[in-house]
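Scroll down for the structure; my scribbles are underneath it.
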Amino acid sequence: MERTRRRTPRPMNIETVQRWVASAILFHVGSVPAVTLAVYSIGIAADDFGRGVGLWIMSGVIGLLTVAGILAIFRRTPLSPWLLLGIAPTAVTGLYIF
């Protein structure tokens with residue numbers, strides 16, 4: 001019978017854990033309003049196009065700021081292809097608005 005080796009867990013740096021927790025909180029706090037505004041803007045744009053587009057733009061700004069904040073938490077440059085993830089809800093709902 002072959003025995004498997006048990007790996008000893010590596011100690012994790014507390015700053016790494018703090019970064020992941022902070023980024024998870026920021027992702028939730030930022031993505032919920034961004035997605036909500038993007039979806040809500042579809043219904044508003046049907047009645048009042050200007051207000052709908054305003055909400056749609058606000059969802060994109062919130063999404064971009066959320067992703068830029070997460071990149072800043074991990075000390076990455078804010079100009080990154082990851083910013084496209086921040087405007088994904090805005091881009092998808094833009095197909096329904098225009």
Item to check | Co-membership, hydrophobic cluster, residues Phe98 and Leu95, 4.5 Å side-chain | outcome: no

Checklist entry - At what distance, to the nearest 0.5 angstrom, does CD1 of Ile57 lie from CD1 of Ile62? => result 12.5 Å

Review item, side-chain donor-acceptor pairs of residues 33-41, under 3.5 Å, at least two apart:
unit_1	atom_1	unit_2	atom_2	d
Thr36	OG1	Val32	O	2.6
Ser41	OG	Leu37	O	3.4
Ser41	OG	Ala38	O	2.6

Checklist entry - Is there a path from Leu64 to Phe27 through hydrophobic residues (I, L, V, M, F, W, Y) whose side chains come within less than 4.5 Å of each other? => result no

Next on the checklist: Can you tell me how far apart CG (Asn13) and CD (Gln18) are? Round to the nearest 0.5 Å.
Outcome noted: 8.5 Å

Next on the checklist: With rounding to the nearest 0.5 angstrom, report the CD1 to CG distance, Ile44 to Leu55.
Outcome noted: 6.5 Å

Item to check | Common cluster, Val17/Ile25, ILVMFWY with side-chain heavy-atom separation under 4.5 Å | outcome: yes

Next on the checklist: Applying a strict under-4.5 Å side-chain criterion to I, L, V, M, F, W and Y, I'd like to know whether Ile14 and Val21 cluster together.
Outcome noted: no

Item to check | Residue pairs passing the side chain to side chain donor-acceptor pair (under 3.5 Å) test where at least one lies in residues 55-73, sequence neighbours excluded | outcome: Trp56-Thr93, Ser59-Thr90

Output side-chain donor-acceptor pairs under 3.5 Å for residues 71-88, partner residues at least two apart or in another chain, one line each.
unit_1	atom_1	unit_2	atom_2	d
Ser80	OG	Trp82	N	3.2

